[in-house]
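Indexing begins at 1, ligand by ligand and atom by atom, following the structure's order. What's counted below: heavy atoms across the whole structure, side chains too, no hydrogens, waters or symmetry copies.
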Amino acid sequence: MPTLLQQPLRLLIDGQWVGCASGATMDVINPSTGEVLAQEALGGAADIHQAVQAARRALESGPWARMRPAERTRLLLKLADALDQHGDELALLETLNTGKPLKVARLFDVGHAAECLRYNAGWATKLNGETRAVSLPGDWHAFTLREPVGVVGLIVPWNVPLAMAVSKIAPALAAGCTVVLKPAELTPLTALRLGELIVAVGFPPGVVNIVTGLGTEAGQALVAHPGVDKVSFTGSTAVGKAILASAAGNLKRVALELGGKSPVFIFPDADLDRAIDAAARGIFSNTGQVCAAGSRLFVHRSVAERVVEGVARRALQLRVAPGLEADAEIGPVISARQRERVMAYVASGRAEGAEVVAGGEAIDGAGYFIQPTVMVNTTPAMKVVREEIFGPVLCVQQFDDDSLEQLAARGNDTDFGLSSSIWTRDLRTAHQMVRRLKAGNVRVNAAAALDFAMPFGGYKQSGWGRENGREGVEAYTELKSVAIDLN
Ligand code: NAP
Ligand code: MG
């Protein structure tokens, strides 16, 4: 058993592990078994206030404020190495807390987090302003400076807890910010172990603070706190909207990575074997609890039977099991509540006339397992097609002689705009679709294309701003224009 689980869980504030002010706790549950793993401290407004003050002090005085960019790079690289060294333990904690397969947790969640740190470490020394050629009368020296935006509140969801926390911490620290992280109430474990490693590799006190607790308490207090300069949030669109309203008090900057209902288009000329495999992985990976999941499949009528049959076969073959079992491919959903929510969507789809051709049932037992599900005969007005389910449920629609214009319009007929995939061997079809789709990320003939160099984020109600790439780290800076009169 990891040592983290052999002690009461605490908050990290100003480099110290402390209990929460109220003393309140909540059970942390293993969704594969329903068993209690640990007691989480429920931080609240008082703890958030302490954490924000610590972050402010670390930002403005002390070693972090004076630290050269190259030293920030070295610290981030040390943290990446520490993640690798403790990778098996971190993966075990992630699997216990989310139910996802251990192999996936080790390779993807932990591996991804370490690489994210390395990618962003390099940016610390490359955040420059520019000289500008101004046309003011006389002689001027005009330039821009990039400065850390300040104290940043980071709020993350439960689907990819460690990698999501790191995807915000890494660019924020590369830019020289200090942070207060609020993990999802359901999944605090890897964030807290990460906090221990952050302390161990030598980040100064107050640079990273971690306050576990409820979104409506700790999260809300962080978003509303006047000492926070920016909030970066990943989660549901509904909470994203609430965050915008709460952030208005001091007009703090807000970045939002929200939900999606991403379309996948399979044209008749596609490499169908690869397309089928990718369509199945795109909706069933992480038990469908992925913001960019390809949840609406548009398939040409001429290949629909083969594609639906292929994806349905994959759904039936996938081994749904606790993540600690060696051959597990798909774990449970995160909670009993989430299972009820997903099953309510399946029922609503059936009631509205959709047909379930694979799965469609919850799996009996202590864990929160659901069969990977494929629904056909879905229509644009159905709830299952309009709303994000955040579970392993694929909704299939067909197209026939639609023009690319019409087809893209069908894909764009959603409040969301996070991701989309196109499967065709025809360059013209691919490029025409790429231009027409209103989504922040478009993939062509690719199952997954997550790379830290590529900006990630949403159009429309899928969010504000981009993570990853230069844009992702610049999002943690303010831009200052400086004009010096040399006359
Ligand atoms: P959520 O309820 O929006 O929660 C996300 C985070 O916000 C959690 O830490 C949550 O705390 C906190 N929170 C909740 N209410 C808050 C409030 N009023 N003020 C401040 N913080 C608050 O989402 P979830 O249920 O954890 O995750 C599922 C949703 O997240 C899905 O809809 C999915 O689309 C979205 N998601 C999007 C992305 C993306 O990159 N676009 C990635 C992953 C997930 P609690 O844990 O206490 O609720
Ligand atoms: Mg929630």
Visitor: Got a sec, which pairs hit ring-ring contact (aromatic ring centres under 6.0 Å, His included) with one end in residues 10-52, sequence neighbours left out?
Guide: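 Residue pairs passing ring-ring contact (aromatic ring centres under 6.0 Å, His included), neighbours aside: His49-His225.
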
Visitor: Once you restrict to heavy atoms under 4.0 Å, what part of Val239 touches ligand 1? Side chain, backbone, both or neither.
Guide: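 Side chain only.
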
Visitor: Check Gly457 against Asn441 and note the closest heavy-atom contact, atom names and distance.
Guide: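 Nearest pair, atom of Gly457 first, then Asn441: O-ND2, 3.1 Å.
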
Visitor: Provide the number and element of each atom of ligand 1 under 4.0 Å from a heavy atom of Gly219.
Guide: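 In order of numbering, the contacting atoms are 19 (N), 20 (C), 21 (N).
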
Visitor: Going by the closest heavy atom to atom 30 (O) of ligand 1, which one wins out of Gly235, Pro183, Pro188?
Guide: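 Among Gly235, Pro183, Pro188, the closest heavy atom to atom 30 (O) of ligand 1 belongs to Gly235.
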
Visitor: Only one of Ile169, Leu181, Leu162 forms a side chain to side chain contact (heavy atoms under 4.5 Å, CB included) with Val156, so which one is it?
Guide: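 That would be Leu181.
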
Visitor: Looking only at protein heavy atoms, which one is nearest to atom 9 (O) of ligand 1, and what is the separation?
Guide: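 I find the closest protein heavy atom is Val156 O, 2.8 Å.
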
Visitor: For Lys182, counting its heavy atoms only, list the atoms of ligand 1 lying under 4.0 Å from any of them.
Guide: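 Numbered from 1, ligand 1 contributes 8 (C), 9 (O), 10 (C), 11 (O), 45 (P), 46 (O), 47 (O).
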
Visitor: Please confirm whether the backbone N or O of Val393 pairs with a side-chain atom of Thr373, one donor and one acceptor, at under 3.5 Å?
Guide: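 Pair absent, no side-chain N/O of Thr373 close to backbone of Val393.
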
Visitor: In terms of atom number and element, which parts of ligand 1 are under 4.0 angstrom from non-hydrogen atoms of Met164?
Guide: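 So the answer, numbered in order with elements, is 42 (C), 43 (C).
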
Visitor: Can you tell which part of Ala242 has a heavy atom less than 4.0 Å from ligand 1: side chain, backbone, both or neither?
Guide: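 Neither part.
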
Visitor: Counting each atom of ligand 1 from 1 as listed, which ones have a heavy atom of Glu257 under 4.0 Å away?
Guide: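 In order of numbering, the contacting atoms are 37 (C), 38 (C), 39 (C), 40 (O), 41 (N).
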
Visitor: Provide the number and element of each atom of ligand 1 under 4.0 Å from a heavy atom of Leu214.
Guide: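 Per the distance check, 47 (O).
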
Visitor: Is the shortest heavy-atom distance from the side chain of Thr414 to the side chain of Arg296 under 4.5 Å?
Guide: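 Yes - at least one pair of side-chain heavy atoms lies under 4.5 Å apart.
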
Visitor: Looking only at protein heavy atoms, which one is nearest to atom 25 (O) of ligand 1, and what is the separation?
Guide: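 Protein heavy atom at minimum distance: Trp158 NE1, 3.2 Å.
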
Visitor: Any non-hydrogen side-chain atom of Leu9 less than 4.5 Å from a side-chain atom of Gln39?
Guide: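 No, side chains not in contact.
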
Visitor: Which protein heavy atom lies closest to atom 41 (N) of ligand 1, and at what distance to 0.1 Å?
Guide: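 For atom 41 (N) of ligand 1, the nearest protein heavy atom comes out as Leu258 O, 2.1 Å.
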
Visitor: How close does the nearest protein non-hydrogen atom get to atom 12 (C) of ligand 1, and which residue and atom is it?
Guide: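 In this structure, atom 12 (C) of ligand 1 has Ile155 CG2, 3.6 Å as its nearest protein heavy atom.
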
Visitor: When only distance counts, is Thr216 in polar contact with ligand 1, meaning an N/O pair under 3.5 Å?
Guide: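 So ligand 1 has no N or O lying under 3.5 Å from an N or O of Thr216.
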
Visitor: Any idea which protein heavy atom is nearest atom 47 (O) of ligand 1, and the distance to it?
Guide: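 Checking every protein heavy atom, the shortest distance to atom 47 (O) of ligand 1 gives Glu185 OE1, 2.3 Å.
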
Visitor: Considering heavy atoms of the protein only, find what lies nearest to atom 43 (C) of ligand 1 and give residue, atom and distance to 0.1 Å.
Guide: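 Here the closest protein heavy atom is Asn159 ND2, 3.1 Å.
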
Visitor: Can a side-chain donor-acceptor contact be found between Lys261 and Ser462 if the only test is distance below 3.5 angstrom?
Guide: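 The answer is no; no qualifying pair exists.
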
Visitor: Side chain of Arg339, backbone of Gly367: donor and acceptor closer than 3.5 Å?
Guide: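 Yes, the answer is positive, given that a donor and an acceptor are paired below the 3.5 Å cut-off.
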
Visitor: ring-ring contact (aromatic ring centres under 6.0 Å, His included): which pairs involve residues 154-186, sequence neighbours left out?
Guide: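 Found Trp158-Phe390.
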
Visitor: Please answer whether the main-chain N or O of Lys438 pairs with a side-chain N or O of Asn412 as donor and acceptor at a distance below 3.5 Å.
Guide: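 Indeed, once roles are kept as given, a pair shorter than 3.5 Å links the two residues.
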
Visitor: For ligand 1, which atoms, with element, lie under 4.0 Å from some heavy atom of Glu388?
Guide: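 What qualifies from ligand 1 is 31 (C), 32 (O), 33 (C), 34 (O).
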
Visitor: Which atoms of ligand 1 sit under 4.0 Å from any heavy atom of Thr234?
Guide: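 Answer for ligand 1: 5 (C), 37 (C), 38 (C), 39 (C), 40 (O), 42 (C), 43 (C).
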
Visitor: Give the single entry among Gly259, Ser236, Gly457 that approaches atom 23 (O) of ligand 1 most closely by any heavy atom.
Guide: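 Among Gly259, Ser236, Gly457, the closest heavy atom to atom 23 (O) of ligand 1 comes from Ser236.
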
Visitor: Any chance the side chains of Gln461 and Thr237 put a donor and an acceptor closer than 3.5 Å?
Guide: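 Not at all, the side chains of Gln461 and Thr237 share no donor-acceptor pair under 3.5 Å.
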
Visitor: Looking only at the side chains, is there a donor atom on one of Gln289 and Lys100 sitting less than 3.5 Å from an acceptor on the other?
Guide: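 Result is no, nothing qualifies.
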
Visitor: Counting only heavy atoms, which portion of Thr237 has something under 4.0 Å from ligand 1: side chain, backbone, both, or neither?
Guide: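 The answer is neither; Thr237 stays 4.0 Å or more away.
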
Visitor: Any idea which of Ser246, Pro161, Ala245, Cys291 brings a heavy atom closest to atom 38 (C) of ligand 1?
Guide: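 When every heavy atom of Ser246, Pro161, Ala245, Cys291 is considered, Cys291 comes closest to atom 38 (C) of ligand 1.
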
Visitor: Is there at least one pair of N or O atoms, one from Gly215 and one from ligand 1, spaced under 3.5 Å apart?
Guide: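 Yes: some nitrogen or oxygen of Gly215 is under 3.5 Å from one in ligand 1.
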
Visitor: For atom 33 (C) of ligand 1, which protein heavy atom lies nearest, and how many Å away is it?
Guide: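 Going atom by atom, the protein heavy atom closest to atom 33 (C) of ligand 1 ends up being Phe390 CE1, 3.1 Å.
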
Visitor: Has the side chain of Arg106 got a donor or acceptor atom that lies under 3.5 Å from a matching backbone atom of Leu90?
Guide: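 Checked: no pair found.
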
